[in-house]
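In what follows, a structure is listed as structure tokens, so that the remarks can point back to it.
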Amino acid sequence: MSGPNDPTKPAESGAEEAVENRDFIREIVAADVESGKHGGRVHTRFPPEPNGYLHIGHSKAILIAWGIAQEFGGKFNLRFDDTNPEKEETEFVEGIQRDVKWLGADWDDRLFHASDYFDTFYEWAQVLIREGKAYVCSLTEEEVREYRGTVTEAGRPSPDRDRPAEESIDLMERMKNGEFEEGKYTVRAKIDMGHANMKMRDPLLYRIKHMAHHRTGDTWHIYPMYDYAHGQGDAIEGITHSTCSLEFQVNRPLYDWFIENLPVPHVPHQYEFARLNLTHTVMSKRKLRLLVEDDHVTGWDDPRMPTLVAMRRRGYTAEAIREFCDRIGVAKADSTVEFSLLEWAVREHLNRVAPRVMAVLRPLKVVITNYPEGQTEMVECINNPEDDEAGTREVPFGRELWIERDDFREEAPRKFFRLKPGSEVRLKHAYYITCDEVIKNDSGEVVELRCSYDPESRGGSTPDGRKVRGTLHWVSCDHAVEAEVRLYDHLFASPFPEKDGDFLDNLNPTSLEVITHAKLEPMLGGLEPGTQVQFMRNGYFCVDTVDSKPGTPVYNRTATLKDSWAKAQKKG
RNA sequence: UGGGGCGUCGUCAAGUGGUAAGACACAAGGUUUUGGUCCUUGCAUUCGCAGGUUCGAAUCCUGCCGCCCCAGCCA
């Protein structure tokens, strides 16, 4: 059946690999696999420090590491770089695992911790000391800084640089056991105090910290520094390609120095890529923490935050984030991606999967004067025009309806296709109506519209085939479910909140607008938290997972729909 | 001005000496029972700048300019 002439099969010409663009890291990995380096094995890892929640920038790092493992038939580890008990909490290690899993990166049974290797790190430090490549230093924190020199001046050797190995071994043992106060001693590598790379000027291996660790308890009174733990962790796990962001480029010589000077079981290599920056937000953990701690947002999961918990709550899908990360690429040039690309990615996904439903955010009452009082009928609505499988549902229609306030203009501009006095529009899936009368209150506000409908137009078209330009969504007053709807916008008004001055000054004062009495079609009162829908003509929304309760639903706006009408209006 | 990186469309980003991919954004048109989606079209004579090599340079050489990272007992 499926021979060479089968039209359903793509042609097997030599032109298949023509368009494949690989980033520079994948290029290297492919070459390594080709040459049989590491036995053709590919093994990556994501090494977060559990001191905060993951943000969209981390998803780039996760997806690069995991994606490479996937594509080359390799493995992917999740390893917590928990070398500093001061800042680390169990809350974060759990949150991080949830987020990585949600993104779709699967570490299988390979969940590790730098703290799993504390014993080995300690033994290896003894090796360095015995070989004259490390020593216990008694310089104070301030002295260490002084002795290090500056970027333009060489440093000076510590007076303890030539401390006998046995003495260092003994002191390190006693540091470990908690015999000295914090700051009294450090363990340092003996490399080169005049090195042009500051990281190579006798970097610290260990510092004393009398602090319980979330996994090792109070076994240790010394903890390894990042540089002394990171590469060795990679080596122990057999990581072949160790990916990280650009700021660690200067650490690479040190990474390699440890690997070369220690009896490691494997030689990993580090490759650096530019971290993700996004307009209208901040990505640094310090700043995100400040937003949380100073109550500029309601928490790490506030839907305006760029954290994965927050974005998930906002209604972003993992698929959208993966698509986004595919689109931004991997390179070494510092860059800031426009938020619009992220929005495009969610819309792209939700357009395919989100059921279309009707919700009126800012209600205006419409009474259909020639529709029988007390009558209700069910109209059939298409759930998703992009998905034939999605089917239809029945929505109640009656004499009194809510429509969107914006969909009526008493004095309409040119090309306003919605409702205005004397004009006819279509109520989606229901009937054509014409506005006959505008009712106002004492202060002149429009409070109600009196309209008449054409019984012939049921379903949204008429036998005479006449055209109407406008199609409005609506909700039956008698059946409406009231809901709180949260309209989210950029957290920061400026595309570059860190550009000048205090980033907090650039907070967007209208990043959240709460609508308390939105009118929803009945089924929207009973959806599971987290469910994503499209409020027709309004945007993509989801049921809030924290505050939504049966009977009092809360919806979050994930993203607006593109609005060329609003755009045209703005231009005037 | 010690070292390490990076400069290609508004934003990302391919390109690896043979005459500037793609995506988002933007613009114009078409279809449409969402002013959504979809479709069509347009959008870098030029690759930070200046010289040079070459028949030919974004790609090679030289020199400038600009931006980022490194002087935590953070990661």
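Here is how names work: the chains are called A, B, and so on, in the same order as the sequence lines, proteins then strands, and each is numbered from 1. Scope of the values below: all heavy atoms of this structure, side chains included, with no hydrogens, waters or symmetry mates.
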Looking at [options], which one has an atom nearest to any side-chain atom of [X]?
X: A:Trp344; options: B:C12, B:C24, B:A71; result: B:C24
X: A:Ala333; options: B:G10, B:C69, B:A13; result: B:A13
X: A:Met225; options: B:A71, B:C74, B:A25; result: B:C74
X: A:Val250; options: B:C74, B:C69, B:C6; result: B:C69
X: A:Phe248; options: B:A75, B:G15, B:C74; result: B:A75
X: A:Val151; options: B:A13, B:C70, B:A75; result: B:C70
X: A:Lys567; options: B:C12, B:A27, B:A23; result: B:A27
X: A:Ser340; options: B:A25, B:C74, B:A71; result: B:A25
X: A:Glu49; options: B:A71, B:A75, B:U11; result: B:A75

Exercise for the section: Determine the interatomic distance between P on B:A58 and the same-named atom on B:G17; round to the nearest Å. Expected result: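 Between the two P atoms, the distance is 13 Å.
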Problem - For RNA chain B, the residues among residues 182-198 of chain A that have a non-hydrogen atom under 4.0 Å from it - result: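 Within this stretch, A:Gly183, A:Thr186, A:Ala196, A:Met198 sit under 4.0 Å of the strand.
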Handout entry: A:Lys428 NZ/CZ over A:Trp474 ring centroid, <6.0 Å and within 45° of normal
Key =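 No; the conditions do not both hold, so A:Lys428 does not lie above the ring face of A:Trp474.
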Practice task
Check whether any side-chain N or O of A:Asp218 sits under 3.5 Å from a backbone N or O of A:Ala212 as a donor-acceptor pair, and report yes or no.
Solution key: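 Side chain of A:Asp218 to backbone of A:Ala212, a donor-acceptor pair under 3.5 Å: no, none is there.
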Exercise for the section: Measure from the side-chain N and O atoms of A:His349 to the backbone N and O of A:Ala320, and report whether any donor-acceptor pair falls under 3.5 Å. Expected result: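 Flag not set: sc A:His349 to bb A:Ala320 has no pair under 3.5 Å.
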Problem - Residue whose closest nucleotide on RNA chain B lies nearer the 5' end, A:Thr83 versus A:Lys467 - result: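 It is A:Lys467, whose closest nucleotide lies nearer the 5' terminus.
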Practice task
Please figure out whether A:Glu27 or A:Ala430 has its closest RNA chain B nucleotide nearer the 5' end.
Solution key: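 Looking at the nearest nucleotide for each, A:Glu27 comes out on the 5' side.
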Practice task
Write down the partner of B:G51 under the Watson-Crick or G-U wobble criteria, each distance required to be under 3.5 Å.
Solution key: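 Per the H-bond distance test, B:C61.
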Handout entry: Nucleotide paired to B:U32 in any strand shown, Watson-Crick or G-U, under 3.5 Å
Key =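 In the structure as shown, B:U32 has no Watson-Crick or wobble partner.
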Exercise for the section: Check every strand shown and say whether A:Leu204 touches a base, only sugar-phosphate, or nothing at a heavy-atom separation below 4.0 Å. Expected result: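 A:Leu204: base contact, heavy atoms under 4.0 Å.
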Practice task
Looking at every strand, decide which applies to A:Val468 at a 4.0 Å heavy-atom threshold: base, sugar-phosphate, or nothing.
Solution key: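 Here A:Val468 touches no strand at all.
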Decide if atom [atom1] of [X] counts as having more than 12 heavy atoms of other residues, nucleotides or ligands within a radius under 6.0 Å.
X: A:Ile382; atom1: CD1; result: no
X: A:Arg275; atom1: CZ; result: no
X: A:Arg161; atom1: CZ; result: yes

In whole Å, I'd like the distance from the [atom1] atom of [X] to the [atom2] atom of [N].
X: A:Leu341; N: B:C26; atom1: CG; atom2: C1'; answer: 14 Å
X: A:Glu89; N: B:C74; atom1: CD; atom2: P; answer: 17 Å
X: A:Asp334; N: B:G66; atom1: CG; atom2: P; answer: 17 Å
X: A:Arg148; N: B:A71; atom1: CZ; atom2: P; answer: 8 Å
X: A:Asn251; N: B:G72; atom1: CG; atom2: C1'; answer: 12 Å

Practice task
For the pair A:Glu237 and A:Arg45, find out whether any cationic side-chain nitrogen is under 4.0 Å from an anionic carboxylate oxygen.
Solution key: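 No salt bridge links A:Glu237 with A:Arg45.
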Handout entry: Anti/syn call for B:G72, syn if |chi| within 90°
Key =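 Judged by the O4'-C1' to base torsion, B:G72 sits in syn, the angle falling within 90° of 0.
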Problem - Euclidean distance, A:Phe112 CZ relative to A:Phe80 CZ, rounded to 0.5 Å - result: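 These two atoms lie 12.5 Å from each other.
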Problem - Distance, nearest 0.5 Å, that separates CZ of A:Phe535 from CG of A:Leu520 - result: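 Answer rounded to 0.5 Å: 4.5 Å.
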Handout entry: Single hit among A:Glu146, A:Glu142, A:Arg148 for side-chain contact (heavy atoms from CB on, under 4.5 Å) with A:Val144
Key =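 The option that passes is A:Arg148.
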Exercise for the section: Determine whether any donor atom in the side chain of A:Glu338 lies under 3.5 Å from an acceptor atom in the base of B:G10, or the reverse, and answer yes or no. Expected result: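 Yes, the side chain and the base share a sub-3.5 Å donor-acceptor pair.
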Practice task
Walk me through it: do A:Phe397 and A:Tyr431 pass the test ring-ring contact (aromatic ring centres under 6.0 Å, His included)?
Solution key: CA-CA 10 Å; A:Phe397 180 88; A:Tyr431 292 100; 5.2 Å; yes
Write out a two-atom table: protein N or O, nucleotide N or O from nucleotides 34-37 of chain B, distance below 3.5 Å.
| from | atom 1 | to | atom 2 | distance (Å) |
| --- | --- | --- | --- | --- |
| B:U34 | O2 | A:Gln534 | OE1 | 3.0 |
| B:U34 | O2 | A:Arg537 | N | 3.1 |
| B:U34 | N3 | A:Gln534 | OE1 | 2.7 |
| B:U34 | O4 | A:Arg356 | NE | 2.2 |
| B:U34 | O4 | A:Arg356 | NH2 | 2.9 |
| B:G35 | OP1 | A:Arg537 | NH1 | 2.8 |
| B:G35 | O3' | A:Ser564 | OG | 3.3 |
| B:G35 | O2' | A:Ser564 | N | 3.4 |
| B:G35 | O2' | A:Ser564 | OG | 2.6 |
| B:G35 | O2' | A:Trp565 | N | 3.0 |
| B:G35 | N7 | A:Arg418 | NH1 | 2.4 |
| B:G35 | O6 | A:Phe417 | N | 3.0 |
| B:G35 | N1 | A:Lys415 | O | 2.7 |
| B:G35 | N2 | A:Lys415 | O | 3.1 |
| B:G36 | OP1 | A:Ser564 | OG | 3.0 |
| B:G36 | N2 | A:Arg356 | NH2 | 3.3 |
| B:G36 | N2 | A:Glu386 | OE2 | 2.8 |
| B:U37 | O2' | A:Asn351 | ND2 | 3.0 |
| B:U37 | O2' | A:Glu386 | OE1 | 3.1 |
| B:U37 | O2' | A:Glu386 | OE2 | 3.2 |

